[in-house]
A.B. asks: 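Take this structure first; my questions come after.
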Amino acid sequence: MTKKNVFTPGPLYEKRKKLLANLKKLNLKTGDIVFNASNVKGPFEIPFAKWVQKYTNSKYSHATIMYVDKDEYYAIDVSDFGTRKLRVLDWFDNWDGVDFCVYRLKNISAFDELNFKDAIIRFIDEDPSYDFNFNDPNKFYCTESVGKIYLDCGYDLGGWY
């Protein structure tokens, strides 16, 4: 019987611990938004993430909201794989480059963090599907999911959702 390898490491597998250390220096909080370049491909292997970068004139193609629990960082991700709570260490396998940026509310309070945790858990429990057509109000792509969670917490990100 031939043994089959079921795990194929992503392009940043060897660099993921260093990336995580860089994120930890920022003291991430639940509700922080992380932008990065992903390696996501669309139907028929179309380089979707590269298309997003080109047409938004940005070096980033993906956004996620952070969930911090007992010093472990999680990315709340909506993609063609579904709605997922991924350890950031594993989430790096979806990245295409080592560059990222983090946005945080000014003067975030402990109440805000608890509010974000509750909204994130509700969003995960709803388990919405990925919006392949970008026009279904009950399905989401990455920035829409972040925008919805923020809106559920009382913060309007200006049309993200």
A.B. asks: Evaluate the side chain to side chain contact (heavy atoms under 4.5 Å, CB included) criterion for residues L86 and Y67: first the C-alpha distance (whole Å), next the side-chain angles of each, then the deciding distance (0.1 Å), finally the verdict.
C.D. replies: CA-CA 9 Å; L86 295 167; Y67 184 94; over 6 Å; no
A.B. asks: When you check the gap from the basic side-chain N to the acidic O, do D125 and R122 get nearer than 4.0 Å?
C.D. replies: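 Looking at R122 together with D125, the answer is no, because their closest N to O distance does not fall below 4.0 Å.
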A.B. asks: First locate atom OH of Y73, then atom NZ of K24, and finally report the distance between them rounded to the nearest 0.5 Å.
C.D. replies: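 Going from the OH atom of Y73 to the NZ atom of K24 covers 6.0 Å.
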A.B. asks: Could you tell me whether the side chain of L28 reaches within less than 4.5 Å of the side chain of V88, counting heavy atoms only?
C.D. replies: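 They are not in contact (no side-chain heavy atoms under 4.5 Å apart), so the answer is no.
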A.B. asks: Between CD of E72 and CZ of R87, what distance do you get to the nearest 0.5 Å?
C.D. replies: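 One gets 5.5 Å once the value is rounded to the nearest 0.5 Å.
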A.B. asks: Look up atom CZ in R104 and atom CG in L26, then write down how far apart they are to the nearest 0.5 Å.
C.D. replies: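 That separation rounds to 7.5 Å.
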A.B. asks: State, to 0.1 Å, how close V102 and V34 come at their nearest heavy-atom pair, and which atoms those are.
C.D. replies: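 Heavy atoms only, the tightest pair is CG2-CG2, 4.0 Å.
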A.B. asks: Does the ring centre of Y103 sit less than 6.0 Å away from the ring centre of F35?
C.D. replies: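 Between F35 and Y103, the centre distance is under 6.0 Å.
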A.B. asks: Does NZ or CZ of K148 fall inside the cone over F123's six-membered ring, less than 6.0 Å from its centre and within 45° of the axis?
C.D. replies: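 That pair does not qualify as a cation-pi contact.
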A.B. asks: Restricting to non-hydrogen atoms, name the atom on K85 and the atom on I76 that form the minimum distance, rounded to 0.1 Å.
C.D. replies: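 Heavy atoms only, the tightest pair is CG-CD1, 3.8 Å.
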A.B. asks: Between T83 (side chain) and P128 (backbone), is there a donor-acceptor pair under 3.5 Å?
C.D. replies: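 Between the backbone of P128 and the side chain of T83 there is a qualifying donor-acceptor contact (under 3.5 Å).
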A.B. asks: For A63 versus I33, what's the shortest heavy-atom pair and its separation?
C.D. replies: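 Of all heavy-atom pairs spanning A63 and I33, the closest is CB-CG2, 4.4 Å.
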A.B. asks: Any sub-3.5 Å donor-acceptor pair from D127's side-chain atoms to I124's backbone N or O?
C.D. replies: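 A pair under 3.5 Å: no.
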A.B. asks: Look at the rings of F116 and Y155 and say which category their plane angle falls in: under 30° parallel, 30 to 60° tilted, over 60° perpendicular.
C.D. replies: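 If you compare the ring of F116 with that of Y155, the planes turn out parallel.
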A.B. asks: Hey, could you give me the CG/NZ distance between L20 and K15, rounded to the nearest 0.5 Å?
C.D. replies: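 These two atoms lie 15.5 Å from each other.
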A.B. asks: Please tell me if the side chains of L105 and Y150 come closer than 4.5 Å, counting only heavy atoms from C-beta onward.
C.D. replies: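 Heavy-atom side-chain distance check passes, below 4.5 Å.
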A.B. asks: Answer with yes or no whether the hydrophobic clustering places I149 together with L114; edges join I, L, V, M, F, W, Y residues whose side-chain heavy atoms lie under 4.5 Å apart.
C.D. replies: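 No, I149 and L114 fall in different hydrophobic clusters.
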A.B. asks: Just by modelled atom types, is the E113 backbone N or O under 3.5 Å from a matching donor or acceptor in the T30 side chain?
C.D. replies: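 Not at all, since once roles are kept as given, no pair shorter than 3.5 Å links the two residues.
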A.B. asks: Checking the side chain of K117 only, and the main-chain atoms of V68 only, is there a donor and an acceptor separated by less than 3.5 Å?
C.D. replies: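 Confirmed, K117 side chain pairs with V68 backbone.
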A.B. asks: Find the distance between CG (L151) and CG (D156) and round it off to the nearest 0.5 Å.
C.D. replies: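 Spacing of CG (L151) from CG (D156) equals 5.5 Å.
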A.B. asks: D152 and A119: which non-hydrogen atoms are nearest, and at how many Å?
C.D. replies: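 It is CB-CB, 4.3 Å.
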A.B. asks: With a 4.0 Å cut-off on N to O distance, would you call D90 and R16 a salt bridge?
C.D. replies: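 Judged by the 4.0 Å cut-off on N to carboxylate O distance, D90 and R16 do form a salt bridge.
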A.B. asks: Considering all heavy atoms of both residues, which atom of G147 and which atom of L157 are nearest to each other, and what is their separation?
C.D. replies: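 It is CA-CD1, 4.1 Å.
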A.B. asks: Could you state the interatomic distance from CG (L89) to CG (L19), rounded to the nearest 0.5 Å?
C.D. replies: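 Reported to 0.5 Å precision, the distance equals 9.5 Å.
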